[in-house]
Amino acid sequence: MADRETDVLTGTETTGHEWDGIKELNTPLPKWWLYTFYATIVWAFGYFVLYPAWPSFSSFTTGMLGYSSRAEIAETMDQVAAGRAAWAEKFATTPVEEIVADRELLDFAMAGGKTIFADNCQPCHGAAGSGALSYPVLADDDWLWGGGIEAIYATVQHGIRSSSEETRVSEMPRFGADETLTPKEIASVADYVLSLSGTAKATEEGAMLFADNCAACHAEDGKGMAELGAPNLTDGIWLYGAGKAAIVAQVTAPRHGVMPAWSGRLNDVSIKQVSIYVHSLGGGQ
Amino acid sequence: MNHKMFERNVVILAIAILITVSIGGLVQLVPLYTMEVTIEKVDGMRPYSPLELAGRNIYVREGCYLCHSQQIRPFRDEVERYGHYSLAAESMYDHPFQWGSKRTGPDLARVGGKYSNEWHVQHLMAPRGLVPESVMPGYPFLAKKELQAADIAQHMETLRTVGVPYTDDQIANARADLAAQARGTTGDVEGLQGRYAKAVLGDFDGNPARVTEMDAVVAYLQMLGTLVDFTTFKPEYGRR
């Protein structure tokens, strides 16, 4: 086998290997490809030296540029905070009621509050606070724990039946499951409750039972008490569904919804922003 | 270079292959032996409780990772939306880890505590009932299926062999802890919370009579990203 044999047709060297008279061309790699390849090797060495690359037994090489993605994000977030500092300071020191009165602060609250709401609140309360079955509508004037701006702020901070120590808590007794009332009594109290919004006929018995068992929280006229989180039963708005069956179910073994506390997850400025946004959705008092 | 030398001498060829493969192997293996120093030290990380582990196994079984990552990257948009960027320490007990950059749904690294248990159950049953624009499939069968976790202690032992520091005490109490966490009110709840700090107690699926796969998945979701105590965490900027 000759080492340097040139193919007649192409003018390219062969490898010198031959199978049944067929010889293999030894076409060189294209120059542009070869030099790009060498350049990537040089690049890799440069990267190795400049950036964090290789672990050692107690640490790792940090690179000559001292780059760190964590330092970079810390710097970015510091800049963001600095840009918002003027607003944030005002928000931290101004009570929510006064923020609402200040046009400029209100604009800032609404812009931020909308985004915060979409990220955190919308999965339960729906777009623009439209609510869902078992999640209150925030765009109407029916409030479980009060619709004033301070009340909303407190609810967002501490949640409802959440793990926060200052959480809002209410617990309706299980009248049916604990056999405080018989199924028949529950049926007549449900009729009475429906009669409050004019959708059923009440009986004397139902009225008596309501006064004895329900009025303490829901008030004698059934309009509820925001301090206790007891809903208004006269407005035809039902958290766990309309109709007699839903009311019977709720009196028998009530469902108790949970709202997480947002203190700790969101900062105070964000909580104020989103509270103001919620207050603005249509039902703020 | 003279290739002939390698092609004609099998011993030289073998040595050259050995050297090349060794370099590739070292690049992959050496970092694993330095994990002690490259994973940051944090307060609060603990192995998954038996119920959370069972939930995690279902999470992996159902392929949730195909749409949901558990890795908040150190970028402003992610940090502002999801919270503190993920730490290496937060996935050190994950086998396999659930990182990723492909998200059809949102990142779940810190979803724990963000929604109520009830919301998770309703959302898993019928996602579009709560989030109209969602493309997530429903998983109503999770609420019907009894959780099969008779072998949970063996799962924990397996994880121990790959470095998750489960104690003998934790493995011995695995099934009791699982039941206690899923029921929330009965069983050795104090023992459970001693063995697994911050363990969130059930009943998760709203059905106290049974321990379903839904209980396990929601227990897992509700603890994601909640363990590390960030009040004592000091970022070391030398780390990437």
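Just so it is clear: chains get the letters A, B, ... in the order the sequence lines come, proteins before strands, and each one is counted from 1. Computed from a predicted structure; not experimentally measured.
- B/Tyr82 and A/Asp119 are not linked by any side-chain donor-acceptor pair at a separation below 3.5 angstrom, with hydrogens and angles left out of the test.
- Within residues 153-174 of chain A, no residue has any heavy atom under 4.5 Å from a heavy atom of chain B.
- Residues that satisfy the side-chain contact (heavy atoms from CB on, under 4.5 Å) test with A/Leu29, not counting sequence neighbours, are A/Trp33, A/Leu34.
- Counting non-hydrogen atoms of neighbouring residues, nucleotides and ligands closer than 6.0 angstrom, the CH2 atom of A/Trp19 exceeds 12 such neighbours.
- In terms of modelled atom types and a separation under 3.5 Å, the side chain of B/Asn207 and the main chain of B/Ala209 share a donor-acceptor contact.
- Of the listed residues A/Met259, A/Arg265, A/His125, the one with more heavy-atom pairs under 4.5 angstrom with chain B than any other is A/Arg265.
- Residue B/Tyr115 touches chain A through both its backbone and its side chain, counting heavy-atom pairs closer than 4.5 Å.
- Counting heavy-atom pairs under 4.5 Å between each of B/Val27, B/Leu130, B/Val79 and chain A puts B/Leu130 at the top.
- For the residue pair B/Ser49/B/Gln181, the side-chain donor-acceptor check at 3.5 Å is satisfied.
- Using modelled atom types, one finds no donor on one side chain facing an acceptor on the other under 3.5 Å when comparing A/Thr180 with A/Asp178.
- Of the residues considered (A/Thr76, A/Asn120, A/Thr115), A/Asn120 shows the highest number of contacts with chain B, using heavy-atom pairs under 4.5 Å.
- Using a 4.5 Å cut-off between non-hydrogen atoms, no part of residues 188-203 of chain B approaches chain A.
- Side-chain atoms of A/Thr14 and A/Asp7 include no donor-acceptor pair closer than 3.5 Å.
- Within the 3.5 Å criterion, the main-chain N or O of B/Phe204 finds a donor-acceptor partner in the side chain of B/Asp215.
- Open room surrounds CD on A/Glu75; 12 or fewer heavy atoms of other groups in view lie less than 6.0 Å from it.
- Between the side chain of B/Ser91 and the backbone N or O of B/Asp94 there is no donor-acceptor pair closer than 3.5 Å.
- Interface remark: of the candidates A/Ala261, A/Gly257, A/Cys124, A/Cys124 forms the most heavy-atom pairs closer than 4.5 Å to chain B.
- Among residues 126-134 of chain A, the residues having any heavy atom closer than 4.5 Å to a heavy atom of chain B are, in sequence order, A/Ala132, A/Leu133, A/Ser134.
- When only modelled atom types and interatomic distance are considered, B/Trp99 and B/Ser69 share no side-chain donor-acceptor pair under 3.5 Å.
- Donor-acceptor pairing under 3.5 Å is recorded for the side chains of B/Gln122 and A/Tyr135.
- For A/Glu13 and A/Thr6, the side-chain atoms include no donor-acceptor pair closer than 3.5 Å.
- Note on B/Lys114, B/His84, B/Glu118, B/Arg81: by heavy-atom pairs under 4.5 Å with chain A, the leading option is B/Lys114.
- A donor-acceptor pair shorter than 3.5 Å cannot be found between the side chains of A/Thr15 and A/Asn26.
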| said: The test is salt bridge (Lys or Arg N to Asp or Glu O under 4.0 Å); show your working for A/Lys272 and A/Asp268 and say whether it passes. | reply: CA-CA 6 Å; A/Lys272 282 183 173 170; A/Asp268 189 49; 3.7 Å; yes
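- Using modelled atom types, one finds no donor on one side chain facing an acceptor on the other under 3.5 Å when comparing B/Gln71 with B/Asp107.
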